[in-house]
Amino acid sequence: MTDSLPIVLIPGLGSSARTHLDILPALWRHGPVSVANHTRDDSIAGIAKRVLTEAPAGPFALIGHSLGGYIALEIMRQAPQRVAKLMLMNTQARTDPPEVTQRRLGTIAMIKEGRFEEAMEANFPLLVHPSRVDDVALRERMRLTRQDTGPEVYLRHMAAIMGRVDSRPYLKDIRVPTLVLSGDADRSISNELSREMAELIPRAKLEILAQCGHLSPIEQPEALIEAMDEWLEG
């Protein structure tokens, strides 16, 4: 490899670089990798603007996981010329339906009552494949990830998510090689929503990982790396 492409990775809700530790060495083989700090703003537009300010000046490959995908789509609106390749992982283009908004409001109330850890424990089964619900190591990994960011960041992220726009009208304008990826048992964001994005983005590829929930970088890192290698080398 004589030329390399910088890679910018944006983590998900309340997540940090820890979520992606298993895939970073594989990404690094393709070019310099930076994990965006998305903790300081409470709107998708504000986070995207800051990520762009801190990202490499030239074209880069952009990866967004979950909340990071919402931010990545906003980056494609604000500065599409900066992005050479796009990967949308365990994310969607729609806004939340009312029942999801109500669930988020319940989580926010718990956090404001000082019950952050309790709220995170209650949410864990929705994040992983059913076979991993009792996975102690995975649960501890996510606990440490939440400690990296903390309740204040989680609340800012929730505000950003609940205030986001519907990105579907803009998907037709994406002109870079795009990979849409999810887990076959993602109970946070359904496969149907991944398929919708892949159908609306010109020439996008859809990849659904087997035995995987919402946390594909932790649950199925080897399969994810294989998909990423193909996308980056294509």
Side-chain angles (χ1 to χ4, degrees), residues 6-24 27-28 32-57 60-79 82-83 86-92 95-96 100-101 103-124 126-127 138-165 167 188-189 214-218:
I7 300 165
V8 176
L9 192 158
I10 311 176
L13 167 62
S15 292
S16 69
R18 189 186 301 272
T19 311
H20 304 279
L21 291 178
D22 296 336
I23 65 172
L24 289 179
L27 287 174
W28 176 81
V33 182
S34 58
V35 180
N37 184 326
H38 62 346
T39 64
R40 294 162 288 175
D41 302 277
D42 61 2
S43 72
I44 298 298
I47 299 172
K49 182 178 179 180
R50 193 186 295 268
V51 170
L52 282 165
T53 299
E54 298 177 348
F60 53 83
L62 179 61
I63 302 171
H65 178 245
S66 192
L67 162 65
Y70 308 151
I71 300 163
L73 289 172
E74 176 64 23
I75 286 172
M76 295 304 298
R77 288 192 287 275
Q78 290 187 15
R82 299 276 300 277
V83 181
L86 175 65
M87 181 174 176
L88 300 168
M89 180 166 43
N90 301 97
T91 192
Q92 63 172 319
T95 55
D96 291 336
V100 173
T101 297
R103 189 167 68 238
R104 293 194 193 281
L105 291 172
T107 299
I108 290 169
M110 290 180 70
I111 294 171
K112 288 183 175 180
E113 292 169 1
R115 300 159 63 196
F116 180 60
E117 292 296 338
E118 181 183 344
M120 298 302 97
E121 280 294 309
N123 191 49
F124 180 78
L126 295 175
L127 297 178
L138 182 53
R139 189 180 291 268
E140 176 64 7
R141 176 88 166 267
M142 290 310 298
R143 187 187 69 81
L144 293 172
T145 297
R146 302 306 186 203
Q147 282 189 354
D148 291 339
T149 52
E152 291 79 13
V153 168
Y154 202 93
L155 291 174
R156 284 197 286 274
H157 282 175
M158 288 290 252
I161 288 170
M162 293 172 67
R164 74 187 188 277
V165 302
S167 292
S188 294
I189 298 175
H214 190 66
L215 303 178
S216 53
I218 302 176

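Because the structure is a prediction, the values reported are computed rather than measured.
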Between [atom1] on residue [X] and [atom2] on residue [Y], distance to nearest 0.5 Å:
{"X": "D42", "Y": "M158", "atom1": "CG", "atom2": "CE", "result": "13.5 Å"}
{"X": "I108", "Y": "Y154", "atom1": "CD1", "atom2": "OH", "result": "9.0 Å"}
{"X": "I189", "Y": "L126", "atom1": "CD1", "atom2": "CG", "result": "12.0 Å"}
{"X": "D22", "Y": "L27", "atom1": "CG", "atom2": "CG", "result": "11.5 Å"}

Working note: I47 + Y70, criterion side chain to side chain contact (heavy atoms under 4.5 Å, CB included); need CA distance, chi angles, decisive distance, verdict.
CA-CA 10 Å; I47 299 172; Y70 308 151; over 6 Å; no
R50: side-chain contact (heavy atoms from CB on, under 4.5 Å) partners, not counting sequence neighbours
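Partners of R50 by the side-chain contact (heavy atoms from CB on, under 4.5 Å) criterion, ordered by chain and then number, come out as R40, D41, E54.
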My understanding is that only residues two or more places apart in sequence, or in another chain, count here; which of them pass side-chain contact (heavy atoms from CB on, under 4.5 Å) with R115?
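Partners of R115 by the side-chain contact (heavy atoms from CB on, under 4.5 Å) criterion, ordered by chain and then number, come out as M110, E113, E118.
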Test I44 against every option in I75, I71, L73 by the side-chain contact (heavy atoms from CB on, under 4.5 Å) rule and name the one that passes.
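The passing option is I71.
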If the condition is salt bridge (charged side-chain N to carboxylate O under 4.0 Å, His left out), which residues does R164 pass it with, not counting sequence neighbours?
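Residues passing salt bridge (charged side-chain N to carboxylate O under 4.0 Å, His left out) with R164: D96.
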So does E121 pair up with R139, basic N to acidic O under 4.0 Å?
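Yes.
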Parallel under 30°, tilted from 30 to 60°, perpendicular over 60°: which one fits the rings of H214 and H65?
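Rings of H214 and H65: tilted, as their planes differ by 30° to 60°.
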Answer yes or no: is there a donor N or O on one side and an acceptor on the other, between the side chain of [X] and the main chain of [Y], under 3.5 Å?
{"X": "R82", "Y": "P56", "result": "yes"}
{"X": "H157", "Y": "H38", "result": "yes"}
{"X": "S16", "Y": "T149", "result": "no"}
{"X": "R141", "Y": "R18", "result": "yes"}

Heavy-atom side-chain contact between [X] and [Y] under 4.5 Å:
{"X": "I63", "Y": "H20", "value": "no"}
{"X": "R77", "Y": "V165", "value": "yes"}
{"X": "I10", "Y": "V51", "value": "yes"}

